[in-house]
Every structure is written in C-alpha cells, then in structure tokens.
Amino acid sequence: MTDQKPTRREILRPLHLVGIALVCGIFATVVTLVSTGAFTERVNASISRGSYEGLTPIALGLVVGGISFIVTLLGLAMLMLAVDPADVTRTIDRPVLMDGDGPAPEKNDRPADAKDRPADGGDAASASGAPSAS
C-alpha cells in the first residue's frame, strides 16, 4: 500500500488557516467567559439590576476572542512567509524548515586543489628532492 503524501498546497489552504484562528478565538472567548463568572447567578443578577460596573463578561469575552483571532491569524500569516513559493507543488517528505542535505561537511584547512601540492607550499620538483632552478 502506497502512502500518498499531501502537497504543501493541500496542507496550507487559507480556509484551514482561518479555521485554526477561529478555533483559537472561540477557545479564548470561552476561557474568558468562564474565568469572569459570566455563567454565575451573582454576575447575571448584577447585570440585570444595572449595578454591574465596567465591561460585561460577554463583551469582554468577545473582545478577547477577537483579539485572539486576529493575533493567531497574523501569526499564521507570518509563518506562511517562511514557505518558499517554488516548493508549494512539491510533496512533503521531510520537515519544512530543515535542509535535506544532512549535516554540514567538515571544512578542510587547505583548498580542494591543494591536495595535489605538498603541505609546505613548495612545488613538486622541490618535494622530490630535485634542485631548483633559482
């Protein structure tokens, strides 16, 4: 059985990114509502009598949820900038932000063409023991 790897375009659809941001916004709204006591009798009675000062828990939850939605969407959009547009049609078979070449090769002290020359910097005639022409 062959594993069909999804393309980057299939994974990073804009609707999916907006959906992720929406879920984060809804989660922040629910957490804010629960933590401010929006579902308690005391807070609801205070709101209905008009003696509740400040922003109501529902309004505060909507503000926090909206801010969370926008920040999440902005963060995902910034992360999308890390994706190379030329790689969008390639299939994903490795982590996105890692090079596929493996570890960096070790650096040699001498350049590649210096392998044929002796380490003392002389030419081949002096290395063989022949007298130089100087």
Side-chain angles (χ1 to χ4, degrees):
M1 192 158 73
T2 309
D3 276 339
Q4 291 292 334
K5 297 190 181 199
T7 62
R8 195 164 294 152
R9 181 179 299 265
E10 292 171 350
I11 292 174
L12 302 174
R13 291 187 177 157
L15 187 60
H16 292 169
L17 299 176
V18 171
I20 292 170
L22 185 64
V23 168
C24 289
I26 291 171
F27 178 76
T29 302
V30 170
V31 167
T32 305
L33 290 174
V34 169
S35 64
T36 56
F39 306 116
T40 61
E41 183 63 34
R42 183 179 61 97
V43 172
N44 288 330
S46 178
I47 291 171
S48 64
R49 283 192 312 261
S51 61
Y52 192 86
E53 294 181 16
L55 205 55
T56 61
I58 296 194
L60 182 63
L62 291 175
V63 168
V64 170
I67 290 172
S68 175
F69 172 76
I70 291 170
V71 167
T72 305
L73 195 59
L74 198 72
L76 289 174
M78 295 300 283
L79 288 174
M80 287 294 296
L81 292 176
V83 177
D84 186 17
D87 293 339
V88 170
T89 57
R90 285 192 221 164
T91 58
I92 299 172
D93 56 353
R94 62 180 174 81
V96 177
L97 297 177
M98 292 184 65
D99 291 333
D101 300 335
E106 296 180 19
K107 293 183 178 180
N108 294 332
D109 294 333
R110 297 186 300 166
D113 63 340
K115 287 188 241 179
D116 300 330
R117 291 184 284 169
D120 64 354
D123 59 355
S126 65
S128 65
S132 62
S134 31

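For reference, positions follow the sequence shown, starting with 1.
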Asks: Compare every heavy atom of Asn44 with every heavy atom of Ala38, then report the nearest pair and how far apart it is.
Replies: O-OD1, 3.2 Å
Asks: For Ile67, which fellow cluster members are found when Ile, Leu, Val, Met, Phe, Trp and Tyr are connected by side-chain heavy-atom distances below 4.5 angstrom, either directly or through intermediates?
Replies: Val63, Val71
Asks: May I ask you to list the residues sharing a hydrophobic cluster with Leu81, side-chain cutoff 4.5 Å, ordered by chain and number?
Replies: Met78
Asks: What side-chain donor-acceptor pairs closer than 3.5 Å can you find for residues 18-33, not counting sequence neighbours?
Replies:
from	atom 1	to	atom 2	distance (Å)
Thr29	OG1	Gly25	O	2.9
Thr29	OG1	Gly61	O	3.3
Thr32	OG1	Ala28	O	2.7

Asks: For Ser51, what residues pass the side chain to side chain donor-acceptor pair (under 3.5 Å) criterion, not counting sequence neighbours?
Replies: Ser46
Asks: Test question: given the 4.5 Å side-chain rule for I, L, V, M, F, W and Y, name all other residues clustered with Leu55, or answer none.
Replies: Leu60, Val64
